[in-house]
Trainee: 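One structure coming up, written as C-alpha cells, with questions to follow.
Within every chain, numbering begins at 1; the chains are lettered A, B, ... in the order of the sequence lines, protein sequences first and strands thereafter. Hydrogens, waters and symmetry mates are skipped; everything else that's a heavy atom, side chains included, is used. Computed from a prediction, not measured in an experiment: that's the story for all the values here.
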Amino acid sequence: MEKEIILKISNLSKHYNYYKSVLDIKRDAIKAVDNVTFSVIKNEIFAVVGETGCGKSTLSKLIAGLIGKTSGNIYYYGELLDYGDKKKNFRKKIQMVFQDPYSSLNPKKKIYKIISYPAVKNDIIKKRDRLDFSVSLLKNVGLGEEIIYSYPHELSGGQRQRVSIARSLSVNPELLILDEPVSALDMSISAQILNLLMDLKGKGKISYIFITHDLKLVRHIADRVCVMYNGKIMEISPSPDFFNTPAHPYSNVLYNSILSYDFKKGLNFINLNENNKKSTEVNKEKEKAGGCTYFKRCYASKEICKENEPPLEDIGHDRMTSCFFPFTHPNL
Amino acid sequence: MIYTVAKTMNLEIKDLTLRLHLKKPAGGYINVVDSIDLNVKGGEIAAVVGESGSGKSLLGLSILRLNPPGVSEIVSGSVKIKCLGEKDELDIIKLYPKDLPSVRGRLISMVFQDPNTSLNPVIKIGEQITEAIFAHEKRDKSEAKEIAISYLNRMNVDGRARFNSYPHELSGGMRQRVMIAMAMVLNPCFLIADEPTTALDVTTSLQVLNLIEKIRFESGLGVIFVTHDLSIAKNISDKVYVFYAGQVMECGKTEEVIDNPLHPYTVSLIKSIPSLSKDYMPGQKLFAIPGYLARDDFTPGKCRFYSRCFKKDKDCLQSIPLNDITRERSLRCIKV
C-alpha cells in the first residue's frame, strides 16, 4: 500500500533572539527548533519525545501556525503553510489539543458554545444547529448530553480533556496535535483518554502528532517515534524497532530511565557521581561551531563528535538517526 | 552497620483521622484521612499511592501537623515516633504547639512536590540551608556553612560552587536535590517525600530516586514516599499503601501487592497503565476505571470505591473494615 504523506516539514527552524545586556549589539539566539526535517504519514500516530526544553512544544506551535518560523517550510498535502495564513481550508485541517484542560477552556462559556464555536466560525454548521452538533460530538468522545449547559469548572479533569478533544474534532481535522494530553490527568483517567484516541484513529482518516515525555504511552500508542534533543532530531524510528534497539545513545538513556510496575530495576546509586559530571541540563548555551549537540552528555562520544555534526541519516528499516555510532544490537 | 541500628527507629501512625470542614453552602465535614494505620521503620521506604484528591498529601502534612489550620482538624489518632538518641517515644499529636518546631526538621522532615515554588526565590540557597541549622542548633556561621556544603555534596550538587546561587540559577532536578539536602541537613530519622519527582523529567527523576535510595542506605532513613505513580512505588519502596478517598484500600509488601493485587481498585489501577514487558501487545485497549473520584465517595456508610467498582454488590453498602489477610497484608474489600 502506498503511504500518503500528509505533512512534510523540511529544514524548519525557530530561533529566539536575546541580548546578553542592554548595550549588546551582537545578539544571540536560542535555537528552540533547529533544522528539523520529517514527514507524517496518513492515519498514523507520530510521537515526539524529549526532555523539558528540547523544543517539542515549539515544534507543535509551529505546525499549528501559532507562532512564525525563522526558516524552513511546512507542507500540508504539498501546499505551503505559513504563520498568519488566511487559507482557512488548510488551517482547520490541523487542530491542537493542549496539555492543561484546566486552562485551555474558557471558564465563562458553556460547553456547547465552546465545542461549536470553531465549526460556526468555519461555516461548517449554522448557528441554530449548534446544540445538536455539540451533542453528537460529545457522544463521539464518550460524554452524555447532560453536560452541554455546564461550565468547565463543573467538570472533572478527564471530562474537560474530552471536551477539548471534541472541540478540536468539530472542524473535521485530518491532523491532530496532542501536546501532552494526559500528563495533567490521573492514571485511571488517562486510560480513558488513550482508549478514546485509539478509537478515533480506528474510525478513519485522522493522524496524530503525539507529544509526550512518557515512553510507556509511546510504546502503547505510537506507530513512529521521534526523539528530540536541544531542538534537533536525534532519531526517527518505527515504534517496535525503537523499543527493541534504541539507536541513538540519547534514546538509550531515555529508554533506560523508564520505570515500570512489572519489573524492578535495581536503582544503582553508585553511578550517580558519573552522571553528575556530564551535566544533565539541556544545554541552551551556544555550542561551539560544529559538533554534536549531545556531545557533552553522551557516553559513546569519540573525537569525531567534537568536530563534526552528525547528519540525520538513514540506517535502514525506515530508521533515521543523527549519530556516527548508532546501536544495532538488541537491547535487553 | 547503621542499617541494623536504624531498625530500632519506628514511626507508627494509629487510627489517624483528619476532618475537613466544608464551606458554608454545602456545610458539614468529610474525613479526608480516615483512620489510617501506617508503620515505617528506619531504613524502610513506604509508598503511599493514590489518585489526586484522595488525601495522600494531607496525610503527609497531618503527620507533621502542618494541615491547614481553621478548615481542618485532627480528630483522633496518634503518631508515635521513636528515634535514635531519644529516650522515649513521642506522640506528635499530643505535643503542645510550642514543642512542634523541635520535631519538625530534626526528627521528621518533608520534601514538597514542586521545587520551583518551595524555595525562596530571593534568598541564596546556602543561606536557606544554614537557616535550618541555626533554628535548631547553636553553631558558628563557618561551621554551619561547612555542614551545608557537605550535605549539598552528598546530594551531588557542587556545594562550594552553588552555595551562593539563587534558586533560579539551578535546574529543576538540582533544585529538588537542594530541597532534599535542606531536609537532610539536621540528620532526621524520617523523611516524608510528597511527590518529589512529579515535576521533573524522566532522567532527572531517576537521579532523585537514586539519591533517596542512597541516603536511605547510608543513614538508615525511614521514608514515607507519597506518589501517584505505581511504577515508581514498585521500584523504590519496600511496602505500599494503596489510598482511595482517604482510606487505605490495600497494603502490604510492594512485590506482593503490585504483582498480585487483590482489591478491585488496585487491580483496575494496574490494568490501566501500559506495560513494558515483552509479551504485552501495544495498541490493545486499556482498562479504564469509569467515572472519577467525587466528593460523594467520602460519605461514610458504604465502600468508598463503590461507584467505580466492577465487583460492587448490595453487600458493599456498609462500612468495610480493613482486614488482615496475612501478617503483612491487609485488604478493605469483602468481595475477594
Trainee: Keeping to residues at least two apart or across chains, list the ring pair (Phe, Tyr, Trp, His ring centres under 6.0 Å) pairs with something in residues 244-276 of chain B.
Mentor: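 Of all non-adjacent pairs touching residues 244-276 of chain B, those that pass ring pair (Phe, Tyr, Trp, His ring centres under 6.0 Å) are B:Y244-B:Y265, B:Y244-B:F305, B:Y265-B:F305.
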Trainee: Which one of A:A191, A:A222, A:S239 has the most heavy-atom pairs closer than 4.5 Å to chain B?
Mentor: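 Counting heavy-atom pairs under 4.5 Å, the top option is A:A191.
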Trainee: Check whether B:I232 gets within reach of chain A through its side chain, its backbone, both or neither, counting any heavy atom under 4.5 Å.
Mentor: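 Answer is both: backbone and side chain atoms of B:I232 are under 4.5 Å from chain A.
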Trainee: Quick check: are there more than 12 heavy atoms from other residues, nucleotides or ligands sitting under 6.0 Å from NZ of B:K312?
Mentor: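 Result for NZ/B:K312: enclosed.
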Trainee: Sort B:I273 into side chain, backbone, both or neither according to what part of it lies under 4.5 angstrom from a heavy atom of chain A.
Mentor: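 Backbone plus side chain of B:I273, per the 4.5 Å heavy-atom cut-off to chain A.
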Trainee: Using modelled atom types only, decide if a donor and an acceptor are shared between the side chain of A:N195 and the backbone of B:K285 within a distance under 3.5 Å.
Mentor: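 Not confirmed, A:N195 side chain does not pair with B:K285 backbone.
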Trainee: Please output the side-chain donor-acceptor pairs of residues 40-47 of chain A that fall under 3.5 Å, not counting sequence neighbours, one pair per line with the distance.
Mentor:
from	atom 1	to	atom 2	distance (Å)
A:N43	ND2	A:G204	O	3.3
A:E44	OE1	A:R224	NE	3.2
A:E44	OE2	A:I41	N	3.1
A:E44	OE2	A:R224	NE	3.4
A:E44	OE2	A:R224	NH2	3.0

Trainee: Is it the case that over 12 heavy atoms from other parts of the model lie below 6.0 angstrom from the CD atom of A:E145?
Mentor: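 No - once you tally the heavy atoms of other residues, nucleotides and ligands closer than 6.0 Å, there are 12 at most.
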Trainee: With chain B, which of A:D199, A:I221, A:D223 has the greatest number of heavy-atom pairs at distances under 4.5 Å?
Mentor: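 The candidate making the most pairs under 4.5 Å is A:D199.
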Trainee: May I ask you to test the B:S272-A:Q192 pair for a side-chain heavy-atom distance under 4.5 Å?
Mentor: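 Side chain of B:S272 against side chain of A:Q192, heavy atoms only: no contact under 4.5 Å found.
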